Amino acid sequence: MPRPDDVVARLREAGVTIATAESLTGGALCAALVSVPGASAVVRGGIVAYTGDMKARLLGVDPDLIARAGLVSADVAEAMARGVRDATGAVLGVATTGAAGPEAHDGAPPGRAHVAVAGPAGAASRLVEIDGDRDAVRAGAVDAALGLVLASLARDVTSL
C-alpha cells in the first residue's frame with residue numbers, strides 16, 4: 001500500500017508538482033497528500049467535481065465524452081487528470097472516478113473505480129475493483145491513485 005509521505009518525497013526528489021481531480025474520493029486523495037509535512041512544495045491544489053456537470057465546468061471534461069463513455073470510465077478519468085493539470089499548472093494531474101455503492105453508479109457496479117495520471121505527454125489510467133463498503137472503496141481508490149503516481153514517477157514523467 002503506497003504511503004502519502006513516499007509519494008510526496010518522490011515528487012519533491014523529481015521536482016514535480018501535482019494536483020488532484022476527485023469525484024469518487026471527494027477530496028480524500030488531496031487530503032492524504034497534504035497531511036504530509038512539506039506537501040506545499042509539490043501539491044498545487046485539488047478540485048472535487050462530484051457530478052458530471054461539475055466535471056465539465058470545472059475540469060473541462062467534454063460532455064459528449066461523458067455521454068459516450070460514462071462518468072465511471074478510463075476516458076473520463078484521464079480527461080479529469082488533464083483538466084486539473086490545465087487548471088492548476090501542475091506537472092502531474094491525478095484523478096479518481098467510480099462507484100462507491102451501495103448502488104451502481106452510471107452503470108458501474110459498486111467498487112469499480114478508474115484512477116488516472118496525466119503528464120506533459122499524455123495520460124495513463126488504471127481500472128480497480130475494490131471490495132467493501134463505501135469507506136473501503138474510497139480508501140482503495142486513494143491507494144490506487146497514489147500507486148499510479150508512484151508508478152509514473154518511476155518512469156520519466158515527461159513520457160506520460
Side-chain angles (χ1 to χ4, degrees), residues 1-2 4 7 11 16-34 42-101 103-132 134-155 157-160:
M1 193 172 336
V7 174
L11 289 164
V16 171
T17 57
I18 194 167
T20 63
E22 302 181 66
S23 180
L24 169 66
T25 50
L29 176 57
C30 192
L33 291 169
V34 301
V42 296
V43 177
R44 298 276 301 153
I47 296 173
V48 175
Y50 207 62
T51 61
D53 64 318
M54 290 294 100
K55 287 175 179 66
R57 183 178 305 158
L58 299 175
L59 297 168
V61 178
D62 185 341
D64 291 336
L65 174 65
I66 293 171
R68 185 176 65 255
L71 290 169
V72 181
S73 67
D75 290 341
V76 167
E78 290 177 14
M80 291 171 63
R82 285 190 298 272
V84 79
R85 265 188 90 237
D86 292 344
T88 64
V91 174
L92 291 180
V94 57
T96 64
T97 188
E103 298 88 26
H105 177 62
D106 199 38
R112 177 167 295 162
H114 291 272
V115 297
V117 174
S125 59
R126 183 178 292 164
L127 167 66
V128 291
E129 302 283 350
I130 306 159
D131 292 325
R134 286 179 62 80
D135 289 340
V137 171
R138 293 175 70 229
V142 168
D143 289 343
L146 292 173
L148 188 57
V149 170
L150 282 176
S152 72
L153 289 169
R155 298 177 297 211
V157 295
T158 60
S159 68
L160 280 180

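Just so it is clear, the values below take in all heavy atoms, side chains as well, and ignore hydrogens, waters and symmetry mates. We're numbering straight along the sequence, starting at 1. Note that this is a predicted model, so its numbers are computed, not measured.
Atom CG in Leu71 sits 9.5 Å away from atom CG in Leu65 (nearest 0.5 Å). Remark: Leu33 CG to Arg44 CZ distance equals 14.5 Å, nearest 0.5 Å. Annotation: the span from Ser23 atom OG to Met80 atom CE amounts to 5.5 Å, rounded to 0.5 Å. Rounding to the nearest 0.5 Å places CG of Leu11 at 8.0 Å from OG of Ser152. To the nearest 0.5 Å, the span separating CD on Glu78 from OG on Ser125 amounts to 3.5 Å.
Between the side chain of Arg138 and the main chain of Leu24, a donor-acceptor pair closer than 3.5 Å is present. With hydrogens and angles ignored, the 3.5 Å screen pairs a side-chain donor or acceptor of Arg85 with a backbone N or O of Val91. No donor-acceptor pair closer than 3.5 Å links the side chain of Arg112 to the backbone N or O of Gly98. At least one donor-acceptor pair under 3.5 Å links the side chain of Ser73 to the backbone N or O of Val76. Looking at Glu22, its side chain never comes within 3.5 Å of a backbone N or O of Gly46 through a donor-acceptor pair.
Between Ala116 and Ala81, the closest heavy-atom pair is O-CB, 4.0 Å. Taking both residues in full, the closest heavy atoms of Val149 and Leu92 are given as CG1-CD1, 4.5 Å, listed atom of the first, atom of the second, then distance. Here the closest heavy-atom approach between residue Asp143 and residue Pro2 is recorded as O-CG, 3.2 Å. The nearest pair of heavy atoms linking Val137 to Gly111 is CG2-CA, 3.8 Å. Considering every non-hydrogen atom in both Ile66 and Val61, the closest pair reads CG1-CG1, 3.7 Å. Among all heavy-atom pairs drawn from Thr88 and Ala19, the shortest one is OG1-CB, 3.2 Å.
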Checklist line | Derivation and outcome, side-chain contact (heavy atoms from CB on, under 4.5 Å), residues Thr20 and Thr96 | finding: CA-CA 8 Å; Thr20 63; Thr96 64; over 6 Å; no
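With contacts defined as side-chain heavy-atom distances shorter than 4.5 Å, the pair Leu29/Val115 does not qualify. Considering only heavy atoms from C-beta on, Val84 comes within 4.5 Å of Leu59 through its side chain. Using a 4.5 Å cut-off on side-chain heavy atoms (C-beta onward), Arg68 and Asp75 make no contact.
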